[in-house]
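Report on the structure given below.
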Amino acid sequence: MIFYLKQEELVFFAYGDTYLPALNFQNKMMKIDMPVQLSVLPGENRHLAANFGKEDCAIILSYSGESKNNYFITNILKKNHTCIIVVSANPDSHIASLADLVLPVAKSESKSVKLSTFSSQIAIDYILNTLYGCIFVANYEKNQTKRIESETLLLNDRFDS
């Protein structure tokens, strides 16, 4: 199945350690005039999911794919016929079973010797950076123009010394 991110709305559902890569992706997309919704408060996720339909796309970030909260949200999206993309290290998870597309990440973290979420963060960042690159290249001239305009706004925000 091939997906094109030409939906009306794009939303991320993530929390904890997966929230940071989602926020980074949202920042990149904003600079090319492609807004991405990402709720700030955990309780907002269910309300946000209820507002999405068949014209929209949701990306669920869940390393384990077994979060009950994300599963509940994914069920709401499924009932609304929203396009669902799941990024997870467990393509056989409960959440992934509801997805239209699963983007698997490497499953290399050990629960017993894990110091932090280094490998899962890098894996999720890689997937989202690749997705961003594909979106950017799909409409390169327009996105390059928007990116330059966005960067110019920041450059003009500094005092000359």
Side-chain angles (χ1 to χ4, degrees), residues 1-65 67 69-70 73-74 76-78 80-89 95-96 99-106 109 116-161:
M1 196 178 291
I2 298 174
F3 288 89
Y4 299 96
L5 288 180
K6 291 184 180 179
Q7 276 72 16
E8 291 293 319
E9 298 282 340
L10 178 61
V11 63
F12 265 90
F13 292 97
Y15 66 90
D17 291 325
T18 62
Y19 191 84
L20 296 174
L23 193 59
N24 188 23
F25 184 86
Q26 180 189 42
N27 176 266
K28 288 177 184 151
M29 295 292 282
M30 175 181 49
K31 291 174 182 172
I32 60 170
D33 195 25
M34 295 184 79
V36 173
Q37 292 195 43
L38 179 64
S39 68
V40 177
L41 302 173
E44 291 177 342
N45 283 343
R46 294 178 185 193
H47 299 291
L48 187 59
N51 292 322
F52 281 79
K54 64 182 178 182
E55 316 83 29
D56 306 314
C57 182
I59 299 178
I60 315 294
L61 300 180
S62 178
Y63 183 73
S64 71
S67 159
N69 186 51
N70 275 349
I73 289 165
T74 308
I76 293 170
L77 294 164
K78 190 72 170 177
N80 291 344
H81 307 286
T82 304
C83 172
I84 301 168
I85 300 171
V86 171
V87 178
S88 178
I95 295 169
D100 297 298
L101 176 66
V102 177
L103 300 175
V105 298
E109 290 186 349
S116 186
T117 56
F118 296 124
S119 63
S120 64
Q121 287 291 317
I122 290 169
I124 291 170
D125 273 335
Y126 176 78
I127 292 289
L128 296 181
N129 284 332
T130 302
L131 181 60
Y132 172 76
C134 291
I135 292 168
F136 193 96
V137 169
N139 200 346
Y140 181 81
E141 293 300 324
K142 177 184 170 233
N143 292 332
Q144 183 71 331
T145 300
K146 285 290 183 183
R147 184 195 60 79
I148 291 169
E149 287 172 1
S150 180
E151 288 178 8
T152 302
L153 289 173
L154 288 173
L155 291 174
N156 291 334
D157 194 38
R158 296 187 177 97
F159 293 108
D160 291 330
S161 18

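With values rounded to the nearest 0.5 angstrom, Leu23 atom CG is found 11.5 Å from Thr18 atom OG1. Considering CD1 of Ile59 and CD1 of Ile127, their distance stands at 11.0 Å, rounded to 0.5 Å. A distance of 6.5 Å separates CE of Met34 from NZ of Lys142, quoted to the nearest 0.5 Å. Rounded to the nearest 0.5 angstrom, Arg147 CZ and Lys28 NZ are separated by 12.5 Å. The distance from atom CG of Asn45 to atom CD1 of Ile76, rounded to the nearest 0.5 Å, is 9.5 Å. A distance of 6.5 Å separates CD1 in Ile32 from CD1 in Ile135, rounded to the nearest 0.5 Å.
The nearest pair of heavy atoms linking Ser62 to Ile95 is OG-CD1, 3.8 Å. The two residues Leu61 and Ala22 have their closest heavy-atom pair at CD1-CB, 3.8 Å. Nearest heavy atom pair, residue Ala14 against residue Tyr19, reads O-CD1, 3.4 Å. The minimum heavy-atom distance linking Ala99 with Val102 is given by the pair CB-CG2, 3.9 Å. Smallest separation of non-hydrogen atoms from Thr152 and Ile148: OG1-O, 2.7 Å. Nearest approach of Cys83 to Asp100, heavy atoms of both residues: CA-OD2, 3.3 Å.
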Given the rule in the side-chain contact (heavy atoms from CB on, under 4.5 Å) test, do Asp33 and Glu149 qualify, once you have shown the distances and angles that lead to the verdict?
CA-CA 10 Å; Asp33 195 25; Glu149 287 172 1; over 6 Å; no
Kindly determine whether Phe13 and Thr74 satisfy side-chain contact (heavy atoms from CB on, under 4.5 Å), including the steps that lead there.
CA-CA 9 Å; Phe13 292 97; Thr74 308; over 6 Å; no
Given Arg46 and Ile73, is the side-chain contact (heavy atoms from CB on, under 4.5 Å) satisfied, shown in steps?
CA-CA 6 Å; Arg46 294 178 185 193; Ile73 289 165; 4.1 Å; yes
Using the rule given for side-chain contact (heavy atoms from CB on, under 4.5 Å), can you reason through Asn70 versus Tyr15, listing the C-alpha separation, both sets of side-chain angles and the distance that settles it, and then say yes or no?
CA-CA 9 Å; Asn70 275 349; Tyr15 66 90; 3.9 Å; yes
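Put simply, the side chain of Leu48 reaches to within 4.5 Å of the side chain of Val11, judged on heavy atoms.
Listed for the Ser150 side chain is no donor-acceptor partner under 3.5 Å among the backbone atoms of Lys146. A distance-only check finds a donor-acceptor pair linking the side chain of Asn51 to the backbone of His47 [under 3.5 Å]. Gln121 contributes a side-chain N or O that, together with a main-chain N or O of Asp17, makes up a donor-acceptor pair within less than 3.5 Å.
Thr82 is linked by a side-chain contact (heavy atoms from CB on, under 4.5 Å) to Phe52, Asp56, Ala58, Leu77, Asn80, counting only residues two or more places apart in sequence or in another chain. Residues passing the side-chain contact (heavy atoms from CB on, under 4.5 Å) test with Ser88 are Val86, Asn90, Ser93, sequence neighbours excluded.
Taking the six-membered ring where the residue is Trp, Phe136 and Tyr140 present perpendicular rings, their angle passing 60° and hence far from 30°.
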